[in-house]
A.B. asks: 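Provided herewith is a single structure, encoded as C-alpha cells, for subsequent inquiry.
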Amino acid sequence: FHTLFMLQVENVKLLDRYTNRKAANGTLYLTATHLIYVDASAEVRKETWILHHHIATVEKLPLTTAGYPLLIHCKNFHVAHFVIGQERDCHEVYTSLLKLSQPVKPEELYAFSYNPKMSKENREIGWKLIDLKVDYQRMGIPNNYWEITDVNKDYEVCNTYPPEIVVPRAANKAVVVGSSRFRSRGRIPVLSYLYKGNNAAICRCSQPLSGFSARCLEDEQMLQAIREANPGSPFMYVVDTRPKLNAMANRAAGKGYENEDNYDNIRFKFIGIENIHVMRNSLQKLLEVCEMKSPSMSDFLTGLENSGWLRHIKAVMDAGVFLAKAVKDEKASVLVHCSDGWDRTAQVCSLASLLLDPFYRTFKGFMVLIEKEWIAMGHKFSHRCGHLDGDPKEVSPVFTQFVECVWQLMQQFPCTFEFNERFLLEIHDHVYSCQFGNFLGTCHKEREDLKICEKTHSLWPFLLQKKQELRNPLYRGFTAYKELQPNTLPFSFQFWCGMYNRFDKGMHPKQCVLDHLLSCMSQKMKLEDNASELENKLPFLDGPLPSEACSLSKVGCAASKTPMLNTPQDYEGEPPPVLSNGTSAGDIDVTSDVDQKYKENLSHHRDLHDLNDAIDVLDSEAKDGKPQHH
Amino acid sequence: MEFAELIKTPRADNVVLHRPFYLAVEGTLCLTGHHLIFSSRRQDNAEELWLLHSNIDSIEKRFVGSLGTIIIKCKDLRIIQLDIPGMEECLNIASSIEALSTLDSVTLMYPFFYRPMFEIVEDGWRSFLPDQEFELLSSVTDEWRLSCINKEFSVCPSYPPVVVVPKSIDDEALRKVAMFRYGSRFPVLSYYHKKNGMVMMRSSQPLTGTNGRRCKEDEKLINATLRPGKRGYIIDTRSLNVAQQARAKGGGFEQEAHYPQWRRIHKCIERFNILQESLIKLVEACNDQSHNMDRWLSKLEASNWLTHIKEILTAACLAAQCIDREGASVLVHGTEGTDSTLQVTSLAQIILDPRCRTIRGFESLVVREWLQAGHPFQQRCAQSAYSNSKQKWEAPVFLLFLDCVWQILRQFPCSFEFNEQFLIMLFEHAYASQFGTFLGNNENERSKLKLPQKTMSLWSWVNRSEELSKFQNPLFEANSLVIWPSVAPQSLQLWEGVFLRWNRPSKFLDEAHEEMINIIKYNKELQAKVNALRRQLAEMETDDRMQENL
C-alpha cells in the first residue's frame, strides 16, 4: 500500500484556523493524485484528503516555534494550515505540491488516470446520459421557425461552438457564415432556450465587430430572422451584459455593440455585469474576509460589502430575471451577449432558463443545462478554473457565481429544486477536480481532440448514483411551480457560508435539517416496507387501526436518535466534533425479530431504486465518487 | 375618562387599505377604544384587519386635495396605509389614533377590558410560581433557601416577594447586602447547574464608590456559593472603563482585594438608547427599497444590531462555559441588573439547561428571569422602531434576547420544542397585547395593578393545545446536552422572520415549512401503524400458541 506514496512526512501538525484548540499531529502523505493527512492524535483515525488539482496556492510561511508552516488554499475554499517539523521536509512537500498542483499537459490531469473499474460499454453509456438533442426536442425544435443545423460540423463557422447548433430556419448558410464574420470569434447568434408557451426565445452570441460604424447585412438578417421566429412580438431585445463603458471601449478595438438604427425593431439594453478580472478580485477579497481570524461583526460586514461579491451576484441575478421577464411577460425574444459570449452570457442564459423552466430544476435538467449552456457553448473551464499551469489572469469564478445564484434561488424557493445544496457543492468540486472529463478543455473541439469520451468518465452518472443524499426532501415535484420570480432586493441575498466557509464546520448549524429530513425519507421507505410486509401477514385484518398506537410511535422515535456532540469553540474551548451531521442519519429504530430480514430487503430495494434512476448497467464498484487507485 | 371623547369620527366608509404584497382593498374603518378595525365590504371575500391601538408606534398623515392618507407604523414593524376620503374625517381619525395609542394610564390599556373568548383550562398567573421552582431545586440540593424578605417589596422594589439565596445567609445579612447593591438588587440565585452543582447568580453593581466601600455580608454571600478551594467568575456586562466611571456616581465593581476568590471579566453589552437607535437604523435599512447592495450592507453594518447580538451571545456563552467547563460559579451584573444581566443569565440557561428549550421551560424562564427579575417591560417596550420620542428608557432589550434565542435555534434546529413563531409571538405580546403579562415594570407594580385578578395571562391562552400546536417545532427531539452556539459573524444572521416579515412575501417559505411538517407527520403516522400491526401480529401469534397448547 505504502508504495503508492511518493512522499511521507511524519510529525506534521494540522492547525484549525477557526478554533484555538490543540493542533492535530500526524503524518502527511503525497500520492500521485492526493495529499493525505492522517491525524494520529485523534481517537478515531481521521484523514484529510486534498486533491492536487484542488490546490490553488501553496505558501511557505515564516518559521514558528512549532515548526515550518505550509499554507494551502484550495479551489473549493478549503484552507489547510500544516506545520512541518523539518525545513527540508517542508521544502520537499512545497516543491512537490507546486509541481503536482499545476500540471502542464492535459494528459496529466486526473481524469485520464482515474479508473473506477467500469466497463468500456458502461462508460460510453455514461457519456450518452445527457443528449442535448433531446432537450431541443423537448422545446419543440425542430419546428417551423427553428432547426438544428450541422453547419458547424467541421468547426468552420466557429471553432468554440459545438458541431450542431440551433438557428432560425430563415437564416440560410450565407446568413450564418456572413454573420459569423461579423461576430467576435465567429460566435454567431444561436438559440439557447425556446419558451414553448409563447415562442419567445433566448439566443446568445458574442459582441459584433461593429467598431464605430461597421455593419453587416447578414448579421442584421440573422437578428431579423430571430425576431421573426417569434411572430407574437413586434420587437426583440438585444442585451449586452457588460457595463456600457466597457462595451464602448471595445469599439476602439473594432468590436462593440449593436447600433439600434441598423437593426429593425430591436431594443438594445446594457446590463452591467463586471468582467472576469473584477470578479476574480472580488472573490479574492471575499475569501480574505472569510479567512479573518475572529473578526468582529463590523469587520465581517464591511469586508463583505467591500468585496463587492454580493453586488455581483445580484447583478447576475437581476440580468437573469430581466431575461425571464422579457420572455414570459413581454413575450419578446432576447439576444444576449457580452464580449466573447462565454462567461456572463452563459451565466445569464442558464439562469433565465432555470427561472422559466422547472425541468432545469431537476437533477437531469440541471445536468442538461450545464452541458448545454456551459460545456457545449464553450465556457473555458480549463482557463477559468486554472486546470493547467497557465495565465492566472484567465482564472475567474464565473461558474462559481452561477452556482451561487442557484443556491440563492434555493433559499427563496425551498420546494422548487429536486436537488439540495450538496449537489451544487459536488458539481463545484468536480469542475475543479479534473476527475471527470466533462469540464476539461475549453470547448467542444478541444474535448474531441483530447478524446475525453474514450479516455475519461462522465461525472453525471456518478452524481445520479448519489441521488439519495443529494436530493431535496422538500421538493414538491415537477409541476408544483412553473416560472420563478425571485425577489432581488439586496436583503434577499445571503452570504453562502456553506460554500466559502464550507470547511469551517464550527461555523455551521450543529444540527442539520437537511440530514434530518433525508433520514426521514429513508425511514419512510423502511416503514412502508415494514407496513406492507406486516399487512400481508395479517390477512384477516380489516377496519381502522387502534388509536392508542400513536403513543407507541413516539417512544420509538425518541429512542432512535443519538444526540449530537458539541463543544464550545469561539469563546474558548475544545475541538468541535468531526461529525458532519447533527443527527445520525439512517439508523432508525425498527426493532423487531424480523428486522434483519427487512434490512436485507431494504438494501435490495435501495439498490434498485438507485439504478433505475441512474443507468442500470453501471458497475457497483463505481458507486461513489471517491478516488480509487490502480 | 370615556374613550368616546377621543373618538370624534368612529367610522369612515370608502377607505382604502394598502399593505405590501396585497392588493389594495376598499372597506370601512371603525375606531373603538382599543382597536382600529378595517373591514372590506366585498361580499365574496370579506376581510377584516384588527389592530390594537397600543401596537401603533407612530402615525403620519398626508393630504392630496380632500383625500387624506394615514400611514400607520406598528410596533411589530408592519406599515399600513389608509386612504380616507374627507379632510375632516381623516384628521379626526388621525388624532383619535394618536390619542388612543398613547394613553398614559396603564389601567386604560386593553388587557383591563379584554374578555377571553376561550375556555380557561389553566390560569397562567399561577403556572409558574416560585415555590414550584424551588421544590425542583430542593430535590437536588439543600444549600439554598427561599427568603420572603421582600414580601412587601420593602427591601427591593424591583424584586419579587420571594427570592432564592444561600441557606447560610440570613435575612439580616441580606438587608445589609441590599444596602450595598444598586437598587437594592442583592445577589440571588438565577440557575443551578445540576450536572456539577455550580450556580449562576445575578445582582446589580456594588456601591463601592470612589473610596472603595466594602460590605462583608456581600462578600460572605457570594463566597457562600463557592466550593472549598474553588474560584468563581464575576461577569460584569460593562467594559472596564464604564465600570470604573460608575464609581464616580457611587456605583462600581468588586475589588480583587475584597473578593480574592473571584475573577472578574468585563464584557461590553450596550444599553438603552444605543440599542434603541440600533433597532431604528436596522428597521430603516430593512425598509429601504433601493436596489443597492452596498447601501444595504453598509446600513446593516452601521445599525450594529448584529454586533449587539454577537456581544450578548458571547457573554452568555462565556457564563455557560465558566459553569459547565470550568466548574466555577458565576455572578452576573451590569449596572442595574435589569437588562444586559438578564440577557446573559437567561441565554446561558438556554445553552446549559435542556428544560429551557421546551415550551413550558422557556415560558418559565421568561417569567423567572425577565418578569419576576424586574425587567422594566413597560418602559422598555413603550415604543419600537418607529418611535421618535427621545425617552431614555426605551430599548429593545427583550427583542435582542429573543433574537439571540432565534440564532441558537437556527444553529440547533432539533433541540427546541418551540419554533420561530413562538419567539415572534412573544415579541408581539411584549409590545402590544390583550393580556396583562407584560404590563408593569416589576412584580411590585403588577401586584398594585392587581393584574392577576383583573387581566388574563398570556400563558392561559398560549398553553392550550389549539394554540400550542402552532408553536411546536416538528424537528424537536429532546436533547439533554449543553448546546454551544457559534458566535462567528458567518454564523449569525439577520432574523428575517421579524425584520423582513412585512417586506417580502413569505409564501414559498411557508410552503417549505408545511412540507417539512408533513414529512415528519407522515413518518410518525407510519411508525404508529407499523407498531400497531406488529402488536396485532404478536397477539395473534400468542393466541395461536395458546390454542396449540390447549
Side-chain angles (χ1 to χ4, degrees), chain A residues 295-298 300-302 304-305 310-311 314 412-415 473-474 476 487-492 495 497 501 506-507 509-511 513 516-517 520 523-524 527-528 530-531 534-535 537-538 541 545-546 549-550 552-553 556-558 561 563 566-573 582-583 592, chain B residues 286 289 291-298 300-301 306-307 310 314 317-318 321 325 410-415 475 477-484 486-494 500 503-504 508-509 511-512 515-516 519-520 522-524 526-534 536-537 540:
Chain A
S296 72
M297 201 50 152
S298 259
F300 177 73
L301 288 174
T302 310
L304 186 61
E305 183 198 339
L310 285 176
R311 187 177 70 228
K314 176 170 154 53
Q412 284 196 42
F413 305 99
C415 305
L474 301 175
R476 283 196 166 179
N487 188 340
T488 63
L489 278 167
F491 60 60
S492 319
F495 167 73
C497 185
N501 283 110
M507 288 181 187
K510 304 301 180 306
Q511 293 171 322
V513 177
H516 190 101
L517 294 177
C520 276
Q523 185 186 20
K524 183 176 132 187
L527 288 170
E528 275 168 351
N530 269 343
L534 286 164
E535 269 167 347
K537 284 189 182 170
L538 286 167
L541 177 76
L545 290 167
C550 280
L552 275 165
S553 76
C557 273
K561 296 279 155 50
N566 171 47
T567 44
Q569 343 104 359
D570 200 33
Y571 24 88
E572 205 195 300
T583 51
S592 88
Chain B
C286 291
Q289 295 289 307
H291 271 271
N292 186 327
M293 181 62 79
D294 290 0
R295 186 153 131 186
W296 157 248
L297 288 174
S298 110
L300 180 64
E301 190 273 319
L306 288 168
T307 300
K310 184 168 152 65
T314 308
C317 288
L318 182 74
Q321 202 172 17
R325 295 280 146 159
R410 208 188 64 80
Q411 295 187 29
F412 294 88
C414 307
S415 297
L475 297 169
E477 276 169 4
N479 159 14
S480 61
L481 299 174
V482 176
I483 54 174
W484 299 105
S486 161
V487 295
Q490 288 96 322
S491 309
L492 304 176
Q493 285 188 1
L494 177 70
L500 302 178
N503 302 341
R504 50 141 208 224
F508 298 99
L509 301 181
E511 282 169 359
E515 199 60 44
M516 193 172 78
I519 291 172
I520 292 164
Y522 179 77
N523 267 27
K524 282 193 176 151
L526 212 55
Q527 178 80 60
K529 184 177 162 188
V530 167
N531 289 344
L533 285 169
R534 200 168 276 154
Q536 257 179 320
L537 195 66
M540 276 171 62

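Below, chains carry the letters A, B, ... as their sequence lines are ordered, and counting in each starts from 1.
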A.B. asks: Would you check, one step at a time, whether the test side-chain contact (heavy atoms from CB on, under 4.5 Å) holds for B:Arg534 with A:Asn530?
C.D. replies: CA-CA 9 Å; B:Arg534 200 168 276 154; A:Asn530 269 343; 3.6 Å; yes

A.B. asks: Does any heavy atom of chain B fall under 4.5 Å from the side chain of A:Thr488, the backbone, both, or neither of them?
C.D. replies: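 Both backbone and side chain of A:Thr488 come within 4.5 Å of chain B.
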
A.B. asks: Hey, what do you get for CD (B:Glu301) to OG (A:Ser298), rounding to the nearest 0.5 Å?
C.D. replies: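 Spacing of CD (B:Glu301) from OG (A:Ser298) equals 3.5 Å.
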
A.B. asks: To the nearest 0.5 Å, how far apart are CD in A:Gln523 and NZ in B:Lys524?
C.D. replies: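 Between atom CD of A:Gln523 and atom NZ of B:Lys524 there are 10.0 Å.
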
A.B. asks: Let me confirm one number: the CZ-CZ distance from A:Phe413 to B:Phe508, rounded to the nearest 0.5 Å.
C.D. replies: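 With rounding to 0.5 Å, CZ (A:Phe413) is 5.0 Å from CZ (B:Phe508).
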
A.B. asks: Please classify the contact between B:Leu500 and chain A as side chain, backbone, both or neither, with a heavy-atom cut-off of under 4.5 Å.
C.D. replies: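 Contact with chain A is through the side chain of B:Leu500 alone.
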
A.B. asks: Looking at A:Met297, is its backbone amide N or carbonyl O close enough to the side chain of B:Thr307 to form a donor-acceptor pair, meaning the two atoms are under 3.5 Å apart?
C.D. replies: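 No; judged by distance alone, with no hydrogens or angles, the pair does not exist.
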
A.B. asks: Can you say whether B:Leu492 sits under 4.5 Å from chain A via the side chain, the backbone, both, or neither, judging by heavy atoms?
C.D. replies: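 Both parts, backbone and side chain.
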
A.B. asks: Closest heavy-atom contact between B:Met293 and A:Pro490?
C.D. replies: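 So the two residues come closest at CE-O, 3.8 Å.
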
A.B. asks: Contact part of B:Gln493 toward chain A, heavy-atom cut-off under 4.5 Å: side chain, backbone, both or neither?
C.D. replies: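 Only the side chain of B:Gln493 comes within 4.5 Å of chain A.
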
A.B. asks: On a heavy-atom basis, which atom in A:Ala531 and which in B:Leu533 lie closest, and how many Å separate them?
C.D. replies: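 So the minimum-distance heavy-atom pair works out to O-CD1, 3.7 Å.
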
A.B. asks: For A:Ser296 and B:Pro489, which heavy atoms make the closest approach, and how far apart are they?
C.D. replies: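 A:Ser296 and B:Pro489 have their closest heavy atoms at O-CG, 3.8 Å.
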
A.B. asks: Looking at every heavy atom in both B:Leu475 and A:His516, which two are closest together, and how far apart are they?
C.D. replies: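 Result for this residue pair: CD2-CD2, 3.5 Å.
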
A.B. asks: Under 4.5 Å heavy-atom distance to chain A, tell me which part of B:Asn503 shows up: side chain, backbone, both or neither.
C.D. replies: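 Its backbone and side chain both get close to chain A.
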
A.B. asks: Just by modelled atom types, is the B:Cys414 backbone N or O under 3.5 Å from a matching donor or acceptor in the A:Gln511 side chain?
C.D. replies: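 Yes: the side chain of A:Gln511 pairs with the backbone of B:Cys414.
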
A.B. asks: Start with the C-alpha gap between B:Arg504 and A:Leu489, add the side-chain angles, then the distance that decides, and say whether side-chain contact (heavy atoms from CB on, under 4.5 Å) holds.
C.D. replies: CA-CA 9 Å; B:Arg504 50 141 208 224; A:Leu489 278 167; over 6 Å; no

A.B. asks: Mind checking the CD-CG spacing from A:Glu535 to B:Leu537? Nearest 0.5 Å is all I need.
C.D. replies: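 Reported value, rounded in 0.5 Å steps: 11.5 Å.
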
A.B. asks: What's the spacing between B:Ser298 OG and A:Glu305 CD if we round to 0.5 Å?
C.D. replies: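 So the gap between those two atoms works out to 4.5 Å.
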
A.B. asks: Heavy-atom distances under 4.5 Å only: say whether A:Thr302 touches chain B with side chain, backbone, both or neither.
C.D. replies: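 For A:Thr302, backbone and side chain are both near chain B.
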
A.B. asks: Report yes if some heavy atom in the side chain of A:Lys537 is under 4.5 Å from a heavy atom in the side chain of B:Met540; otherwise report no.
C.D. replies: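 Of all side-chain heavy-atom pairs linking B:Met540 with A:Lys537, none is under 4.5 Å.
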
A.B. asks: Given heavy-atom pairs under 4.5 angstrom as the criterion, report whether the side chain, backbone, both or neither of A:Phe495 touches chain B.
C.D. replies: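 Looking at A:Phe495, just its side chain touches chain B.
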
A.B. asks: Any non-hydrogen side-chain atom of B:Ile519 less than 4.5 Å from a side-chain atom of A:Leu474?
C.D. replies: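 The answer is yes, as the side chains (C-beta and beyond) meet within the 4.5 Å cut-off.
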
A.B. asks: State, yes or no, whether a side-chain contact exists between A:Arg476 and B:Glu511 at a heavy-atom distance under 4.5 Å.
C.D. replies: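 A side-chain contact exists here, since the closest heavy-atom pair is under 4.5 Å.
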
A.B. asks: Which answer fits A:Lys524, side chain, backbone, both or neither, if we ask what part of it has an atom under 4.5 Å from a heavy atom of chain B?
C.D. replies: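 It is both, since atoms from each part get that close.
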
A.B. asks: If I compare all heavy atoms of B:Ala512 with all of A:Cys415, which pair ends up nearest, and what's the gap?
C.D. replies: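 It is CA-SG, 3.4 Å.
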
A.B. asks: If we ignore hydrogens and angles and just use 3.5 Å, is the side chain of B:Asn523 paired with the main-chain N or O of A:Cys520 as donor and acceptor?
C.D. replies: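 Indeed, once roles are kept as given, a pair shorter than 3.5 Å links the two residues.
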
A.B. asks: When you check the gap from the basic side-chain N to the acidic O, do A:Glu528 and B:Lys529 get nearer than 4.0 Å?
C.D. replies: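 Result for this pair is no, no salt bridge flagged.
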
A.B. asks: Chain A heavy atoms under 4.5 Å from B:Leu306: which part of the residue, side chain, backbone, both or neither?
C.D. replies: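 For B:Leu306, heavy atoms of backbone and side chain both lie under 4.5 Å from chain A.
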
A.B. asks: Roughly how far, to the nearest 0.5 Å, is OG of B:Ser415 from NZ of A:Lys510?
C.D. replies: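 With rounding to 0.5 Å, NZ (A:Lys510) is 11.0 Å from OG (B:Ser415).
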
